[in-house]
Number of protein chains: 4
Amino acid sequence: MKNRSDITVQLVNVNALDEHVVQAARVSTQGSDSITSTGSPAGLINFLMRDRHGSPFEHTSFTFLVEAPVFVAREHMRHRAGWSYNEESGRYKELEGVFYIPSLSRPLLQRGKPGAYEFVSGSDTHFSRMVADLFYAYGASYDAYKDMLKAGIAREIARCALPVGLFTSYYATCNARSLMHFLSLRTRSADATYPSFPQREIELVAEQMEKTFQAHMPSTHAAFVEHGRVAP
Amino acid sequence: MKNRSDITVQLVNVNALDEHVVQAARVSTQGSDSITSTGSPAGLINFLMRDRHGSPFEHTSFTFLVEAPVFVAREHMRHRAGWSYNEESGRYKELEGVFYIPSLSRPLLQRGKPGAYEFVSGSDTHFSRMVADLFYAYGASYDAYKDMLKAGIAREIARCALPVGLFTSYYATCNARSLMHFLSLRTRSADATYPSFPQREIELVAEQMEKTFQAHMPSTHAAFVEHGRVAP
Amino acid sequence: MKNRSDITVQLVNVNALDEHVVQAARVSTQGSDSITSTGSPAGLINFLMRDRHGSPFEHTSFTFLVEAPVFVAREHMRHRAGWSYNEESGRYKELEGVFYIPSLSRPLLQRGKPGAYEFVSGSDTHFSRMVADLFYAYGASYDAYKDMLKAGIAREIARCALPVGLFTSYYATCNARSLMHFLSLRTRSADATYPSFPQREIELVAEQMEKTFQAHMPSTHAAFVEHGRVAP
Amino acid sequence: MKNRSDITVQLVNVNALDEHVVQAARVSTQGSDSITSTGSPAGLINFLMRDRHGSPFEHTSFTFLVEAPVFVAREHMRHRAGWSYNEESGRYKELEGVFYIPSLSRPLLQRGKPGAYEFVSGSDTHFSRMVADLFYAYGASYDAYKDMLKAGIAREIARCALPVGLFTSYYATCNARSLMHFLSLRTRSADATYPSFPQREIELVAEQMEKTFQAHMPSTHAAFVEHGRVAP
């Protein structure tokens, strides 16, 4: 058994440039004197974002390898349009006992109304109680899992005991448009036109993806931020 | 804490008839003398299924309420195209302690190669060991969960302790085409052109949905079976 | 040969109530004291719209029969997510010669920049010239089409001659969420947070769908308008 | 005015290798002794195809530029899942007068029943009659279009006159799974488990895409053919 507090996102494969957006948009207007034909790439991208022309952003592709607790994968896979997934299987292999323990910096207490919670830091007592409880639950779960496997019980049944704090890993492939949609819902930002209240753990995934996005498609990312982090 | 062995599917809302398929298909050919214009409804549906004309089956709608363990919901929600979901939230409410214990009739032992497992019954010893292990894991997990909540830890963190054997409930809406795709992958059948190896627990969901499907769209269901349970 | 200026949308089948949204949303929070559990239906729907919780709106279904020119069908079918279509086939049947002539009230002249055109009325001369040109083109096209059919040329080839002003008919099925997305892009409204510049002909489709939507789901429609006609 | 008989597909951008399929599949089973962990890449791909595990094929991306008549674009864009499009706009630019004339080798006559037509060659008379009819219709349509533009009528109205035999161009992006689905429906092949009856013109698009697919993902393509050209 191992514990982890970090959630990681690794770029596995990418084919995504601002230039791809420009090329796709120009198919619409080639030969005319419209803005999409004559403007600068950044200007055109800004125009597309502002007027919510989403399709030119779809001709791009990012593949990530995410290592995160099961409850994060659960939230992530609710994103259907423009996302593809492959995840570690609890039916085909014995799962390693790696479990999520929130780090000391993770606010532990929740305030306010559902749908708009604020999270605040707890005391040391809160933190140690959480750690003790999670260790206890994780330990018992994994012992039960291993004991069932040892007795010959099928993996797909034995896994019933395993908690959603268990680490899983999955490939997630998206395009720039579906990625922006994900970012708009799974990050909090003062710049956002529409406030979102993601759980901190999936926001850690989103933040890492956003850095990659910004590095590969700087003009698209800038236009996304400029226009209130609303996916076109 | 409560234990359950049954997985339930309740039809909440439906608007799906064989006649809807026929009407949609006839838009294509109205006024001509083709089969879709002149044949019997069952004959037309059979023709559409055989030749894999899938779109006429999409103008229908089923909404189900499923109560099943989290690992079943996980598998179900991998179905993206033509499926919509709303699930009980572990962030917004305290989750009830209802846990899945496979019934006595559930084969517990796995034989053969990944991707094509056979499952066979275990002995009484297997069954009692599984029950003991699951009780132990479920009990410890739920105690830890309740203890964290009592200490004021946020629900979204406390739930880390909860196992994928916990019951959840969700709405799932689909059309006849997306439902057939689901059935083709999540049931085992000697009639199937392409063998599938679903986990028994999601097959219990699929079997209940199939009964509803057959009751509301008997000709479509018959054609689906006739043509090897391959979704058009 | 016949000419038409009206574009029609007929509701063929519907299973969509505000109550469906409420039921689906309450799955998330049943048993808790959150707003979704305790508020009025209209209040809950308003909250979901404001905070862009889109999935509860998907458990609904509208099927429309649209009669419109081919260029409208082309624009409509660019809407992929949550839309299903079946259209009259030019391969399987001989197409009737019904052609679109914009009505006198349709502004004929375009001003301004691509992406933000304004349309203004033309003179009587403009209108009669347009009518003469369209009659000429439609007549020649349909004559050529009929002549090829008479000579035994395959329908799928003969149709090459037919213009995008030809009327077609199609079934279109959507849910309330995908419908709102369509309305946000295919209507112009002073209430809209994001301005759209749809072609008037597809807006005629959208306006008729919106009336149906409002009649069946008044609280959802009111919340959509209240929140700037942005689909959740 | 210009005429064309060729339909072209150009690969604009690609990120698709057999290796991507293997990597994604191995996420499921890493560390186990299952076939996906230990077999050869080609063996693993063959296993995935045979047992219809489709998701590992989605982590790939092809972008094509297609030049084809409007009726081909219409058929193509009915493919929704896993496809993205951007097309030349008749609202934003004046459309060039390039029109489709089937080549001498294109069978012109149709025999048999709807849904299962056979096409056979016509006589020289058939061919010249078709050419004459198409020239006549295309000429009249384009004259009317230009005349309306000259009179100041909006482009989006003037285009009503233009036929579906007009050439358009569009970007189409897909992944290997959505591409195989397209190929299974839009090519005819004696190897196919399920016969398809695509119009020859979209088959010309499919054939060119298939060559590209085979060149970039030879093992995936071989497995697709081996297993009856059924998309997983």
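Chain letters run A, B, ... following the sequence lines, proteins first, then strands; residues in each count from 1.
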If you compare all heavy atoms of A:Tyr136 against all heavy atoms of B:Ala144, which two are closest, and at what distance to 0.1 Å?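 Shortest heavy-atom contact: CD2-CB, 4.5 Å.
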Please answer whether the main-chain N or O of [Y] pairs with a side-chain N or O of [X] as donor and acceptor at a distance below 3.5 Å.
X	Y	value
B:Gln199	A:Glu156	yes
B:Arg106	A:Ile157	no
B:His126	A:Ala151	yes

Could you tell me whether the side chain of [Y] reaches within less than 4.5 Å of the side chain of [X], counting heavy atoms only?
X	Y	answer
B:Met77	A:Met77	no
A:Asp147	B:Arg129	yes
A:Pro163	B:Ser141	no

Looking at chain A, which one of [options] has the largest number of heavy-atom pairs inside 4.5 Å, strictly under?
options	value
B:Tyr100, B:Tyr85, B:Phe99	B:Tyr85
B:Gly165, B:Cys160, B:Pro107	B:Cys160
B:Ala73, B:Gly122, B:Ala132, B:Pro198	B:Pro198

Need one label for [X]: side chain, backbone, both or neither, based on atoms under 4.5 Å from any heavy atom in chain B.
X	value
A:Tyr138	side chain
A:Pro69	neither
A:Ser84	both
A:Phe119	side chain

Check [Y] with [X], please: is the shortest side-chain N to carboxylate O separation under 4.0 Å?
X	Y	value
A:Arg159	B:Glu75	yes
B:Arg74	A:Glu87	yes
A:Glu201	B:Arg91	no

Given A:Leu134 and B:Met148, is the side chain to side chain contact (heavy atoms under 4.5 Å, CB included) satisfied, shown in steps? CA-CA 9 Å; A:Leu134 288 178; B:Met148 284 186 274; 3.6 Å; yes
Tell me whether the count of non-hydrogen atoms from other residues, nucleotides or ligands lying under 6.0 Å of CG in A:Asp124 goes above 12.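 Not buried by this count: 12 neighbours or fewer within 6.0 Å.
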Using a 6.0 Å cut-off, check whether atom CD of B:Glu96 has over 12 heavy atoms from anything other than its own residue.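 Check fails, neighbour count at 12 or below.
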How far does CG of A:Leu162 sit from CG of B:Leu162, to the nearest 0.5 angstrom?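 Atom-to-atom, A:Leu162:CG and B:Leu162:CG are 13.0 Å apart.
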For chain B, which of A:Arg200, A:Met130, A:Arg78, A:Arg111 has the most heavy-atom pairs under 4.5 Å?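 Counting heavy-atom pairs under 4.5 Å, the top option is A:Arg78.
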